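Every chain is numbered from 1, with letters handed out A, B, ... down the list of sequences. Being a predicted model, the structure only gives us computed values, none of them experimental.
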There are 2 protein chains.
Amino acid sequence: MPRPRRPLLTRDRIVETALALIDADGLGALSTRRLAAALGVQGPSLYNHFATKDEILDAVADTVTVAVDTSGFASRDWLTALRDWAWSYRRALTAHPNIVPYLAQGPGRRPAALAMADAVYGGLVRAGWPPARATHIGAALRYFVAGSALGSFARGFVEDPELYAAHYPHLRQAHRLAEHQQSVDEGAFALGLDALLHGLAAEYTRTVDTVESARPNG
Amino acid sequence: MPRPRRPLLTRDRIVETALALIDADGLGALSTRRLAAALGVQGPSLYNHFATKDEILDAVADTVTVAVDTSGFASRDWLTALRDWAWSYRRALTAHPNIVPYLAQGPGRRPAALAMADAVYGGLVRAGWPPARATHIGAALRYFVAGSALGSFARGFVEDPELYAAHYPHLRQAHRLAEHQQSVDEGAFALGLDALLHGLAAEYTRTVDTVESARPNG
DNA sequence: CTCATAAACTAGCGGTGTAAGTTTTCATTC
DNA sequence: GAATGAAAACTTACACCGCTAGTTTATGAG
């Protein structure tokens with residue numbers, strides 16, 4: 001088949017289909033040939049639109065990140081903004097957990113990821129956090145959200161009662177974690193996020209408020 | 001070459017070499033053929049000692065986990081034990097960051113990972129946390145530690161000043177993050193862990209202490 | 001001494017990412 | 001409107017991948 005009258009592929013169609021395949025069968029199951037087949041095309045044709053497979057994955061990762069809402073940093077207090085962002089971030093990632101290991105490596109050159117980092121860091125600095133602290137806070141929350149979305153904690157435990165009964169006395173009920181996967185994973189996230197933010201709020205009054213009030217114009 | 005007089009391979013030697021290759025060149029660069037070559041052997045010979053490549057990776061992941069110290073749960077208060085464990089866990093993972101994406105998928109059937117989960121959960125329950133809360137706390141800390149070790153936050157940002165200058169005003173200094181990688185990553189971890197534990201301590205006095213004192217024998 | 005097992009080998013299957021070169025169509029310029 | 005160069009599909013091919021099957025020979029147990 002030569003060049004068709006109307007292109008069979010577009011970058012958007014490729015990314016969309018790749019995400020669907022990743023969601024359905026996992027990151028490891030995405031090959032250029034399978035992706036091309038799903039698009040009704042031969043493998044190498046993809047390279048007319050992307051230079052490498054990683055470039056496709058970058059685009060997929062960024063479309064997932066686009067869904068993250070950072071608008072709170074423009075309109076709410078920093079603590080509320082942080083909480084809303086963290087939940088939105090988590091929702092975006094858990095909607096497509098299989099891409100998380102790729103995405104979690106950092107923003108790289110992906111526009112949506114960079115825009116998110118920019119909004120978070122900017123919001124924290126504007127709220128009065130010293131730059132170094134703002135970096136640390138953004139990183140710490142990213143650690144927590146990415147870790148929570150990287151894989152289900154609950155599904156990490158095999159559903160085999162005998163495995164635990166023998167050698168791990170406290171894990172006797174671990175084989176039942178999978179049943180309650182969502183409530184376990186989400187409950188752990190909620191608890192951890194609340195604790196984290198509680199601790200940050202205390203730190204804020206301890207450092208930022210103190211510094212503000214010590215300044216002539218504070 | 002037929003069966004040699006003394007075995008060329010042992011499970012330990014395979015795991016050791018695999019970890020060294022992963023440390024040096026990344027998880028993606030570990031192939032059975034490259035691993036075998038590093039051991040002075042042909043690829044398929046590995047399958048006399050391990051059934052699949054994943055079984056090798058499981059063994060590698062578990063040797064990394066063995067280094068994690070959970071002894072605090074037997075001798076210290078739960079908050080100190082949690083802090084010591086988290087730091088030890090982080091040190092073990094950051095010593096071999098390339099295996100973290102594999103290891104972070106859950107304990108599976110890996111003995112060291114299960115023993116760690118057992119110690120943490122058991123310690124928290126013994127300290128008075130309700131079982132569901134103990135699960136959440138263990139999961140939340142695992143999220144945070146795994147997320148922090150999954151990849152450097154600092155190295156996630158490209159060292160290209162122009163990338164940021166144009167569109168991401170608050171990230172103007174992001175290209176310099178790599179210079180301070182360790183202090184950024186570790187500072188973020190320290191800040192986040194302190195905040196998390198601070199929040200958990202508050203939660204403890206709010207729930208567990210209250211319940212204890214409300215019980216007849218409290 | 002016999003013989004099943006263990007531990008290496010070679011050959012090969014179906015799959016991978018991607019480079020190279022071909023063909024035809026589209027869009028632009030004279 | 002003709003010429004031309006880029007675009008977008010194709011086929012072929014390479015080097016590598018995990019793993020299976022079958023072969024050979026040394027080992028260790030009966």
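- Under the rule for a side chain to side chain contact (heavy atoms under 4.5 Å, CB included), the partners of A:A18 that lie at least two apart in sequence or sit in another chain are A:L30, A:L35, A:I56, A:V60.
- Contact annotation for B:L30: backbone-only contact, meaning every heavy-atom pair under 4.0 Å involves sugar-phosphate atoms and none involves a base.
- The distance from atom CZ of A:F50 to atom P of D:dA7 is 16 Å, rounded to the nearest whole Å.
- Nearest-nucleotide assignment on DNA chain C puts the 5′-proximal partner with A:R34, out of A:R34 and A:A51.
- OP1 and OP2 of D:dC16 both lie 4.0 Å or more from every side-chain N or O belonging to B:S31.
- With respect to A:E179 and A:R176, a salt bridge is recorded, a charged nitrogen being found less than 4.0 Å from a carboxylate O.
- Nearest-nucleotide mapping onto DNA chain C: of B:L9 and A:A29, the residue sitting toward the 5' end is B:L9.
- Between C:dA7, D:dA9, D:dG18, one nucleotide has an atom nearer to the side chain of B:P7 than all others, and that is C:dA7.
- Remark: B:R155 pairs with no residue by the salt bridge (charged side-chain N to carboxylate O under 4.0 Å, His left out) rule, at least two apart or across chains.
- Taking side-chain N and O atoms only, A:H49 has a distance below 4.0 Å to OP1 or OP2 of D:dA9.
- Using a 4.5 Å cut-off on side-chain heavy atoms (C-beta onward), B:Y164 and B:R172 make no contact.
- Residues satisfying the salt bridge (charged side-chain N to carboxylate O under 4.0 Å, His left out) criterion with B:R34, sequence neighbours excluded, are B:D25.
- A heavy atom lying under 4.0 Å from DNA chain C marks none of the residues of residues 11-21 of chain B.
- Checked by distance alone, A:R33 brings a side-chain donor or acceptor within 3.5 Å of a matching partner on the base of C:dG17.
- In this structure B:W87 satisfies the ring pair (Phe, Tyr, Trp, His ring centres under 6.0 Å) test together with B:F189, sequence neighbours excluded.
- Atom CG in B:L27 sits roughly 14 Å away from atom P in D:dC17 (whole-Å rounding).
- Atom pair B:L8:CG and C:dA7:P shows a separation of 11 Å (rounding to whole Å applied).
- For the residue pair B:S45 / B:N48, no side-chain donor-acceptor distance below 3.5 Å is found, with atom types taken as modelled.
- Contact check for A:D185 versus A:R90: side-chain heavy atoms found under the 4.5 Å cut-off.
- At least one side-chain heavy atom of A:L197 sits less than 4.5 Å from a side-chain heavy atom of A:L193.
- Within residues 41-48 of chain A, the residues that place at least one heavy atom under 4.0 Å from DNA chain C are, in residue-number order, A:P44, A:Y47.
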